[in-house]
Amino acid sequence: MTRIVTILTDNFSDWETALINSTCRGYYGFDTRFASPNGAPVISSGGMHVTPNMALEAIQLSETDLLILCGGTVWRTDQAPDIAGMVAEAHSKNIVVAAICDGTRVLAQAGILDHLRHTSNSAENLSQLNYGGAEYYQDVPYAVADQRVVTAPGSAPVSFMAEILDMLGVSDNNLKTYLAMHAAEHSKPI
C-alpha cells in the first residue's frame, strides 16, 4: 500500500492538498496520514480544525512513499518548523516529495530545487531565500515535476494532484475522467 504523509501547520491552506489526499485515499486506497509540529491540532486558513495522526518528529521515512508539504503563511515566518533536513533526506532516499504554495520554500531551503525544474507562487517567493536554483524556476500556473519532486503554486491543486499521481505511476481512465471534470471548470469564458 502506498503511504502518504502530509505536513500541516497552523493556518495551512486547506484547499491545496485536499484533492490529492482525497483522491489517493478514496479512489486508490492509499494510506494517508497527517503530521504537524508536536502532533498538535492545527487550524486551517478556512477555520477547519484538524487533529493530525502524528508529530513531525515521528515521521518514519522508511515507511513513507510520498511526503507532501501543504502551503500556508507559516512557511514565511520564524514559527515555521525546521524540516529542511528531513525533506532533503526524503529526497535522497528517492521518496516522492511534493510541495505547494509556500511549502516550496522548504524545498528551496533544503537545496532540493538547486538543480531541477520547479515552480512556486512566484520567482520572488523563492529568490528571497537566496537558493541556488533560480535558473531552473518555471514561471507557469501549473505543477511541475522533475526528479521525483513536484512543486506547484497555491492556485494549482488539480495539476499538483495529477503530477503526483503520475510520478507514483497511477494512471487510469477514472483518473483521466476526474481530471477532465476539474479542467472543464476552467473552460468557461469569463
Side-chain angles (χ1 to χ4, degrees), residues 1-8 12-35 44 50 52-54 59-72 86-108 110 112-121 126 133 136-188:
M1 173 183 298
T2 303
R3 299 158 300 188
I4 301 170
V5 176
T6 300
I7 296 174
L8 304 176
F12 71 94
S13 299
D14 40 29
W15 70 91
E16 293 176 347
T17 59
L19 283 175
I20 185 60
N21 281 296
S22 178
T23 300
C24 287
R25 183 176 179 273
Y27 291 104
Y28 297 103
F30 292 3
D31 178 14
T32 56
R33 295 179 185 234
F34 300 87
S44 76
V50 175
N53 307 86
M54 68 179 83
I59 294 173
Q60 297 292 317
L61 293 178
S62 61
E63 299 175 4
T64 305
D65 300 299
L66 167 62
L67 184 65
I68 301 174
L69 284 79
C70 187
M86 177 184 60
V87 172
E89 181 182 352
H91 180 60
S92 74
K93 291 183 175 191
N94 214 26
I95 295 167
V96 175
V97 177
I100 187 167
C101 187
D102 282 341
T104 59
R105 294 172 64 92
V106 178
L107 302 186
I112 293 171
L113 304 181
D114 287 355
H115 302 289
L116 54 85
R117 293 178 307 108
H118 61 277
T119 193
S120 183
N121 290 340
L126 299 180
Y136 297 98
Y137 184 82
Q138 309 288 295
D139 189 16
V140 295
Y142 48 81
V144 172
D146 192 10
Q147 300 178 40
R148 299 188 60 80
V149 174
V150 179
T151 54
S155 58
V158 176
S159 62
F160 187 61
M161 173 190 67
E163 290 293 346
I164 290 170
L165 290 173
D166 184 57
M167 184 122 347
L168 292 172
V170 175
S171 180
D172 59 23
N173 287 334
N174 289 333
L175 180 58
K176 290 175 186 169
T177 301
Y178 191 53
L179 291 173
M181 177 180 70
H182 283 288
E185 176 183 0
H186 302 286
S187 63
K188 180 182 176 190

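Numbers for residues simply follow the sequence, beginning at 1.
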Just verifying a value: how many Å separate L67 CG and L69 CG, rounded to the nearest 0.5 Å? 5.5 Å

Any heavy-atom pair between the side chains of F34 and M54 that's under 4.5 Å? no

Taking the side chain as C-beta and beyond, is there a heavy-atom pair between C24 and L165 under 4.5 Å? yes

Can the ring centres of Y137 and H118 be said to be less than 6.0 Å apart? yes

Any chance the side chains of T6 and N21 put a donor and an acceptor closer than 3.5 Å? yes

Would you say D31 and E63 make side-chain contact, with heavy atoms under 4.5 Å? no

In Å, rounded to the nearest 0.5 Å, how long is the span from CG of L179 to CG of L175? 4.5 Å

Against I4, only a single residue in I20, T17, L66 fulfils side chain to side chain contact (heavy atoms under 4.5 Å, CB included); can you say which? L66

T64 side, atom OG1; M86 side, atom CE - distance, nearest 0.5 Å: 8.5 Å

Check: Y178 ring centroid to Y27 ring centroid under 6.0 Å: yes

Scan residues 96-108 for pairs that pass salt bridge (Lys or Arg N to Asp or Glu O under 4.0 Å), counting only residues two or more places apart or in two chains. R76-D102

Intermediate values then yes/no, salt bridge (Lys or Arg N to Asp or Glu O under 4.0 Å), R3 and D65: CA-CA 5 Å; R3 299 158 300 188; D65 300 299; 3.4 Å; yes

